[in-house]
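One is the number of the first residue; the rest follow in order along the sequence. Computed from a predicted structure; not experimentally measured.
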Amino acid sequence: QVQLVESGGGFVQAGGSLRLSCAASRRTLSMGWFRQAPGKEREFVAAINWSGTSTRYADSVKGRFIISRDNAGNTEYLQMNSLKPEDTAVYYCAATFGSIETVKISPSYWGQGTQVTVSS
């Protein structure tokens with residue numbers, strides 16, 4: 001019942017920044033981001049609760065990425081700074097009507113993904 005659409009991916013040099021957006025057709029309690037690099041499993045990146053007051057980050061992106069959402073709760077953002085080649089992946093937004101812990105483990109809704117490529 002929820003459609004998610006990502007945008008903002010592209011090519012960037014190492015050390016640069018990108019901002020991803022994910023628009024939801026309905027308000028959700030918790031939203032997040034995952035990524036999948038070639039030949040690897042999909043991994044958790046970041047999550048945010050319904051009010052935007054609680055966040056979670058993978059250790060690999062702490063201090064570099066910032067997750068946020070708008071006041072209406074329909075759109076989440078991922079500000080990616082100090083990008084590294086190992087950040088190259090397809091990034092997927094995710095959402096749930098459950099808790100921030102639920103979106104980390106088993107989100108109910110997924111976007112189609114947006115490619116992020118970081119060159120050396």
Side-chain angles (χ1 to χ4, degrees):
Q1 296 182 14
V2 178
Q3 293 182 332
L4 304 175
V5 181
E6 304 100 331
S7 62
F11 292 88
V12 65
Q13 293 184 350
S17 299
L18 283 174
R19 189 193 192 208
L20 305 183
S21 299
C22 178
S25 59
R26 296 178 61 187
R27 180 182 177 88
T28 60
L29 288 180
S30 300
M31 302 184 74
W33 292 93
F34 291 74
R35 67 186 182 186
Q36 187 168 22
K40 299 188 67 176
E41 296 291 329
R42 187 173 300 186
E43 65 175 344
F44 168 76
V45 175
I48 190 166
N49 73 338
W50 67 274
S51 64
T53 58
S54 182
T55 58
R56 302 285 188 273
Y57 295 95
D59 289 341
S60 59
V61 305
K62 286 181 179 178
R64 298 190 298 121
F65 291 10
I66 302 172
I67 188 170
S68 62
R69 69 192 303 169
D70 62 14
N71 292 332
N74 294 80
T75 304
E76 69 167 350
Y77 307 92
L78 186 67
Q79 178 66 45
M80 304 184 294
N81 301 315
S82 301
L83 284 163
K84 305 174 181 179
E86 50 263 45
D87 294 319
T88 295
V90 176
Y91 284 71
Y92 299 88
C93 63
T96 182
F97 288 111
S99 70
I100 191 170
E101 304 303 328
T102 298
V103 79
K104 287 178 61 180
I105 299 172
S106 58
S108 298
Y109 308 99
W110 294 92
Q112 293 299 305
T114 185
Q115 177 70 47
V116 172
T117 302
V118 184
S119 64
S120 300

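- Rounded to the nearest 0.5 angstrom, Asn74 CG and Thr28 OG1 are separated by 8.0 Å.
- Contact between Cys93 and Glu76 at its shortest, heavy atoms only, is CB-OE2, 3.3 Å.
- Qualifying side-chain contact (heavy atoms from CB on, under 4.5 Å) partners for Ser7, counting only residues two or more places apart in sequence or in other chains: Ser21.
- Rounded to the nearest 0.5 Å, atoms CZ (Arg69) and SG (Cys22) are 10.0 Å apart.
- Separation of atoms OG (Ser119) and CD (Gln13) is listed at 5.0 Å; rounding is to 0.5 Å.
- Contact record, Trp110 with Pro107: CZ2-CG, 3.2 Å, taken as the closest heavy-atom pair.
- Residues satisfying the side-chain contact (heavy atoms from CB on, under 4.5 Å) criterion with Ala37, sequence neighbours excluded, are Lys40, Ala89.
- Annotation for Thr96 and Ser108: closest pair OG1-OG, 3.8 Å, computed over non-hydrogen atoms.
- Although no hydrogens or angles enter the test, the distance criterion places no donor-acceptor pair under 3.5 Å between the side chain of Gln79 and the main chain of Arg19.
- Remark: Arg64 engages Asp87 in a salt bridge (charged side-chain N to carboxylate O under 4.0 Å, His left out) (not counting sequence neighbours).
- Residues meeting the side-chain contact (heavy atoms from CB on, under 4.5 Å) test with Gln115, sequence neighbours left out: Thr88, Val90, Thr117.
- Taking both residues in full, the closest heavy atoms of Ser17 and Ser82 are given as OG-N, 4.3 Å, listed atom of the first, atom of the second, then distance.
- Scanning both residues, Asn49 and Ser30, for their nearest heavy atoms gives CA-OG, 3.9 Å.
- Note that OG of Ser60 and CZ of Phe44 are 10.0 Å apart. Values are rounded to the nearest 0.5 Å.
- For residues 41-59, the set of pairs meeting the salt bridge (charged side-chain N to carboxylate O under 4.0 Å, His left out) definition, not counting sequence neighbours, comprises Arg35-Glu43, Arg56-Glu101, Asp59-Lys62.
- Within 6.0 Å of CD in Glu86 there are more than 12 heavy atoms belonging to other residues, nucleotides or ligands.
- Under a 4.5 Å side-chain heavy-atom cut-off, the cluster of Ile, Leu, Val, Met, Phe, Trp and Tyr residues that includes Tyr109 is completed by Val2, Leu4, Val12, Leu18, Leu20, Met31, Trp33, Val45, Ile48, Tyr57, Val61, Phe65, Ile66, Ile67, Leu78, Met80, Leu83, Tyr91, Phe97, Val116, Val118.
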